[in-house]
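Order of the sequence lines sets the chain letters (A, B, ...), proteins ahead of strands, with each chain counted from 1.
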Amino acid sequence: MARILITSALPYINGIKHLGNLVGSQLPADLYARYMRARGHEVMFICATDEHGTPAELAAAKTGEDVADYCARMHGVQAALADGFRLSFDHYGRSSSQRNHTLTQHLAGKLAENGLIEEVTEKQVYSRADGRFLPDRYIEGTCPNCGYEKARGDQCENCTKQLDPTDLIDPRSAISGSTDLEVRETKHLYLRQSALKDEIDAWIDSQKDWPVLTTSIAKKWLHDGDGLKDRGITRDLNWGIPVKRGGDDWPGMEGKVFYVWFDAPIEYIAATAEWADANGRPDADWQRWWRTDKGAGDVRYVQFMGKDNVPFHTLSFPATLMGSREPWKLVDYIKSFNYLNYDGGQFSTSQGRGVFMDQALDILPADYWRWWLLSHAPESSDSEFTWENFQAGVNKDLADVLGNFVSRVTKFCRSKFAEEVPAGGTMGPAEEALMSELAGRVAAYEAHMEAIDIRKAASELRAIWVAGNEYLQAAAPWAAFKTDPDRAAASIRLSLNLIRLYAVLSRPFIPDAAAAMLAGMQTGDDAWPGDMATALDTLKPGHAFTVPDMLFRKITDEEREGWHADFAGERG
RNA sequence: GGGCCUGUAGCUCAAUUGGUUAGAGCAGAGCGCUCAUAACGCUUUGGUUGGGGGUUCGAGUCCCUCCGGGCCUACCA
C-alpha cells in the first residue's frame with residue numbers, strides 16, 4: 001500500500017468557478033484520489049479556497065460585506081458546490097486559516113534566517129481616494145503608444161505594449177476612477193529565488209516524465225533573460241497574512257501582508273493541519289504527510305493545476321520550501337492542464353460566458369458533467385465544450401452504452417427469472433473470451449489511471465462497458481431462453497456480475513451512478529477486481545437485486561438548444 | 001517582439017518516440033437483433049496528416065519556410 005498526497009490548485013474565493021476551472025484541477029485530482037483509494041492506497045486529498053488579495057477585497061466591497069465575512073460566505077458556497085460535484089477532499093481548507101497564518105510567517109522567518117529575503121524600497125502608485133496602493137493593472141489610462149483609452153498599467157490590451165503605470169497619460173484608478181494618484185515609496189520583501197536557481201534547476205532536471213507543458217514553462221522562467229528573478233512576496237493591503245518573522249514583528253513591515261501567491265501554496269500544508277485539527281488528531285498525523293523527517297519519506301505527492309499556475313508550483317513554492325532548509329516534502333509529479341474553451345471562445349467569469357458550477361448542477365446531476373469533462377480533459381491542448389458534443393457524449397456513453405446495459409440485463413432477468421441472480425448453466429467459450437478481453441482492458445485502464453492519462457482511461461472504461469453489450473448480443477439470452485434456459489441463466493448471472501464490476505471500475509468517474517448500481521445489486525462488495533473469473537462470480541445464485549431506476553436520462557434536442565441560448569453571455 | 005504548445009476523417013481524439021496499408025469513438029450509409037432508455041450488435045463510406053520545400057532506404061513523426069489556432073512573458077490570481 002502506497003501513501004499518496006494529492007493537492008488541487010486552490011480556487012480563488014472571488015465568485016463561482018466555471019467548468020474550465022473545474023476540469024483543470026479539482027475534477028482530475030478527485031478522479032485520481034478516488035482511484036487510488038479504490039486500489040487500497042492511503043490517500044490525503046487536499047484543497048482549499050485561496051482567499052487573499054485585491055480581487056477579494058474588491059468583491060467584498062461590491063457586496064458591502066466585510067472582506068472576512070465575504071470570504072467565509074463564499075467558502076461555504078464553494079464547499080457546497082464541491083460537494084455537489086462529489087469532490088472527495090479529505091479537507092477543504094481556507095488560506096485565511098490561523099494554521100496558514102502561523103506556517104506562512106514561520107516559513108518567511110526561516111527564509112530570512114537563511115539570507116533569502118531581501119528588503120527592497122520601491123515606488124508604487126497610491127490612490128488617495130481609494131486609500132490604497134494600486135497594483136499596476138488596476139490603473140487605467142491612455143496608452144502613450146497607440147492612444148487606446150483603457151490601457152492598463154501593466155500592458156495595453158490594444159497594442160500589447162508593455163507599460164509602466166507612470167507611462168500612462170491621464171492615469172486613473174480602475175477601482176474608483178479617481179485621478180487623485182501619487183507615487184509613494186514603499187518597502188517590500190523579496191524572495192531571493194535567484195539564489196536558489198541552480199538548486200531548482202537541478203531539481204526540475206531530476207524529474208522524469210513530467211508533462212512537457214509543466215517542464216517547458218519551468219525551464220522558460222529559469223533560463224529566460226537573466227534567469228530566475230527574485231519575487232516580491234509582500235503587498236500593501238489590509239486583507240491577508242500580516243508580515244511577521246516567525247512569531248516576531250518585522251520592523252518596517254507594519255501594516256503589510258504577504259502576497260497571496262506566497263501564502264496560497266503554503267495552505268496545502270496548512271490545510272492538512274486544519275484536517276488534523278478538525279478530526280481531533282495530533283500534529284504528527286499531518287506531519288507524516290509533509291515532513292520527510294516525520295514519516296513523509298515514502299509519500300508520493302501529486303499536484304493538479306491549470307497551466308497558468310505552473311510557475312508558482314515549479315518555482316516559487318519549491319523555492320519557499322527548499323529555502324527554509326527544513327525537511328518539507330516536495331512535489332513528485334505535476335499534472336498540468338490546458339484550457340477548456342466554451343463554444344468557440346473562452347469561458348469568461350467577467351462576461352458570464354459559459355457554464356458555471358452552480359448552473360451546471362441546476363441542469364443535470366454531477367455524473368453527467370464529470371464524465372464528459374473528464375473524458376474530454378484538455379491534456380494535450382486546449383479543448384472545447386460545445387452543447388452538441390456534450391449531448392452526444394452523455395447520451396451515447398452514459399445512457400445508451402452503460403445505462404441501457406444495466407437496464408436490459410436487470411429487466412430481462414426480472415421478467416424471465418426473478419429479481420435475483422439465476423442459478424443453472426455453466427461458463428462456456430463466449431464467457432471465457434469476455435473475461436479474457438476484460439482482463440486485458442482492465443489492465444490497460446489501470447495503467448492509464450496510474451499514469452494520469454485521463455482521456456485514455458475514459459476511453460478504455462467506455463470500451464469495457466461496450467464489451468458487455470457485445471457479449472450480450474453474442475450470447476443472446478432472450479433466444480437461448482426459449483430452448484436452453486440454463487444457458488440464458490448463466491449469461492444473465494454473468495451480466496449481473498458485470499454490473500457490479502462496472503460500478504467498481506466506473507466509480508472514480510461517476511460516483512453517484514456507481515453507488516446506484518451497487519445499491520441495485522444489493523451488495524456492499526466494492527473490491528477492485530483481481531482475477532476476472534473471481535470478480536465475476538461475486539453475486540451468487542439466489543442473490544436478490546432490484547432493477548435500478550434509469551441511471552442516465554438523455555439530453556433532448558430542445559434542451560440542448562435552450563441551454564445553448566441561455567449560456568451565450570451575461571449570466572442572469 | 002521573444003518563448004512554448006498546437007494543426008491528423010464532417011466532429012472529438014490516437015498513432016509504441018523514424019518503420020508494413022495512418023487508427024478509434026461520434027455523426028453518415030447498409031444489414032442484423034428484439035432483452036433494453038427508438039436502445040444493442042455487425043459491416044461500411046470518409047484522410048495529398050494546414051501549404052510548400054528538404055534530410056532519409058523509409059517522414060504524421062526530424063529540418064527549413066509560409067499559413068492558422070492557443071498560452072506565457074514575472075504587480076490579477
Side-chain angles (χ1 to χ4, degrees), chain A residues 9-14 50-56 58 122 124-125 133-139 152-155 160-162 164-165 174 188 193 211-213 215-217 219-221 223-225 228-232 235-236 259-261 264 306-312 315-316 338-339 341 346 375-376 378-384 386 388-389 391-393 395-416 455-456 458-459 462-463 466 468-481 488 491-492 495 547 550-554:
Chain A
L10 309 187
Y12 195 66
I13 195 69
N14 174 18
D50 176 14
E51 306 192 356
H52 298 134
T54 310
L58 298 181
E122 55 195 15
Q124 268 212 302
V125 175
F133 282 94
L134 297 176
D136 290 355
R137 72 170 49 197
Y138 283 101
I139 302 159
R152 292 189 320 206
D154 56 342
Q155 186 176 36
T160 73
K161 185 177 172 61
Q162 303 217 12
D164 192 87
H188 282 295
Q193 298 186 140
V212 204
L213 187 64
T215 46
S216 65
I217 292 174
K219 285 291 179 182
K220 169 68 162 51
W221 283 51
H223 300 302
D224 192 39
L228 190 59
K229 297 175 192 166
D230 295 341
R231 183 158 200 131
R235 291 291 184 272
D236 288 295
Y259 176 42
V260 279
W261 261 114
K307 55 185 166 188
D308 51 330
N309 280 345
V310 168
F312 302 100
L315 307 169
S316 310
N338 288 283
Y339 292 145
N341 289 319
Q346 294 191 338
S375 61
H376 292 78
E379 292 179 293
S380 56
S381 63
D382 291 352
S383 64
E384 179 161 324
T386 65
E388 288 74 15
N389 283 341
Q391 178 194 30
N395 287 359
K396 192 67 193 176
D397 299 346
L398 296 181
D400 294 347
V401 175
L402 177 62
N404 183 53
F405 177 80
V406 172
S407 179
R408 66 195 295 208
V409 169
T410 53
K411 287 180 180 172
F412 180 83
C413 186
R414 181 175 62 186
S415 76
K416 301 297 194 232
R455 282 181 313 201
K456 287 181 182 174
S459 144
R462 183 188 190 284
V466 167
N469 283 313
E470 290 172 351
Y471 165 75
L472 265 193
Q473 187 65 29
W478 48 90
F481 184 78
S491 293
I492 290 301
S495 299
V547 174
M550 184 182 281
L551 284 179
F552 298 101
R553 71 175 186 84
K554 294 209 193 194

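- Remark: the A/Asn404 side chain and the B/rA39 base include no donor-acceptor N/O pair separated by less than 3.5 Å.
- B/rU34 takes the anti form, because its glycosidic angle lies more than 90° either side of 0.
- Residue side chain A/Gln391 does not reach the base of B/rC26 through any donor-acceptor N/O pair under 3.5 Å, judged by distance alone.
- A straight line from CD of A/Glu384 to C1' of B/rG70 spans 12 Å, rounded to a whole angstrom.
- Closest contact between the side chain of A/Trp221 and the listed nucleotides B/rA77, B/rU73, B/rG41 involves B/rU73.
- The shortest distance between the side-chain N/O atoms of A/Arg553 and the OP1/OP2 oxygens of B/rU37 is not below 4.0 Å.
- Rounded to the nearest Å, the gap between the C1' atom of B/rC33 and that of B/rC40 is 8 Å.
- Side-chain proximity of A/Lys396 to B/rC76, B/rA77, B/rC40: nearest is B/rC40.
- No contact: A/Glu379 has no heavy atom under 4.0 Å from any strand.
- Here B/rC57 sits opposite B/rG19 as a Watson-Crick or G-U wobble pair (both hydrogen-bonding atom distances under 3.5 Å).
- Classified by its glycosidic torsion, B/rG53 falls in the anti category, the angle being over 90° from 0.
- Rounded to whole Å, the P atom of B/rA77 lies 39 Å from the corresponding atom of B/rC63.
- At the heavy-atom level, A/Thr410 lies nowhere under 4.0 Å from the strands shown.
- Nearest nucleotide to the side chain of A/Pro55, out of B/rA77, B/rG70, B/rC13: B/rA77.
- The interatomic distance linking A/Asn341 (CG) with B/rU6 (P) rounds to 16 Å, in whole Å.
- At a threshold of 4.0 angstrom between heavy atoms, the contacts of A/Gly232 with the nucleic acid are absent.
- As rounded to whole Å, 12 Å separates atom C1' of B/rC33 from atom CG of A/Leu472.
- Going from the P atom of B/rG3 to that of B/rU8 covers 25 Å, rounded to whole Å.
- Set against B/rC40, B/rA36, B/rU12, the side chain of A/Asn389 has B/rU12 as its closest nucleotide.
- In this structure, the nucleotide among B/rA77, B/rA39, B/rA36 sitting nearest to the side chain of A/Lys554 is B/rA39.
- Between atom CG of residue A/Asn309 and atom CD1 of residue A/Ile217 there is a gap of 10.0 Å, rounded to the nearest 0.5 Å.
- In a base pair of the Watson-Crick type (N1 to N3 plus N6-O4 or O6-N4) or a G-U wobble (N1-O2 and O6-N3), with each distance short of 3.5 Å, B/rC40 is matched with B/rG32.
- For B/rG41, the OP1/OP2 oxygens have no side-chain nitrogen or oxygen of A/Tyr471 closer than 4.0 Å.
- Counting any heavy atom pair closer than 4.0 Å across all strands shown, A/Phe405 reaches no nucleic acid atom.
- The partner of B/rC26, taking Watson-Crick or G-U wobble pairs whose two distances both stay under 3.5 Å, is B/rG10.
- As rounded to the nearest Å, B/rU43 and B/rU65 have C1' atoms that lie 44 Å from one another.
- Distances were taken from every side-chain heavy atom of A/Arg231 (C-beta onward) to each of B/rA15, B/rA74, B/rC26; the shortest belongs to B/rA74.
- The side chain of A/Lys220 lies closest to B/rG2 when the candidates are B/rG2, B/rC40, B/rC76.
- Side-chain atoms of A/Ser383 and A/Tyr339 form no donor-acceptor pair, as typed in the model, at a separation below 3.5 Å.
- Below 30°, between 30° and 60°, or above 60°: for A/Trp261 and A/Phe312 the angle between ring planes is below 30°, a parallel geometry.
- The phosphate of B/rG25 (OP1 or OP2) has no side-chain N or O of A/Arg462 nearer than 4.0 angstrom.
- When distances are taken from the side chain of A/Met550 to each of B/rC35, B/rU37, B/rC75, the shortest belongs to B/rU37.
- The phosphate of B/rA15 has OP1 or OP2 within less than 4.0 Å of a side-chain N or O from A/Lys456.
- Judged by centroid separation below 5.5 Å and plane tilt below 30°, A/Trp478 stacks onto the base of B/rC35.
- If you check B/rA77, B/rA14, B/rC40 against the side chain of A/Arg408, the one that comes closest is B/rC40.
- In this structure, the nucleotide among B/rG25, B/rC35, B/rC76 sitting nearest to the side chain of A/Tyr138 is B/rC76.
- Distances shorter than 4.0 Å separate some side-chain N or O of A/Tyr339 from OP1 or OP2 on B/rC72.
- Look at A/Lys411 and you won't find any side-chain N or O under 4.0 angstrom from OP1 or OP2 of B/rA39.
- Using a 4.0 Å heavy-atom cutoff across all strands shown, A/Lys307 reaches sugar-phosphate atoms only and no base atom.
- Counting atom types as modelled, A/Gln124 pairs a side-chain N or O with a base atom of B/rC75 as donor and acceptor under 3.5 Å.
- Distance A/His376 NE2 to B/rC13 P: 7 Å, rounded to the nearest Å.
- Nucleotide B/rU49: unpaired (no Watson-Crick or G-U wobble partner with both distances less than 3.5 Å).
- Residue contacts shown for A/Val466 are limited to sugar-phosphate atoms, with no base heavy atom under 4.0 Å away.
- The nucleotide B/rA74 finds no pairing partner, because no Watson-Crick or G-U wobble arrangement with both distances shorter than 3.5 Å includes it.
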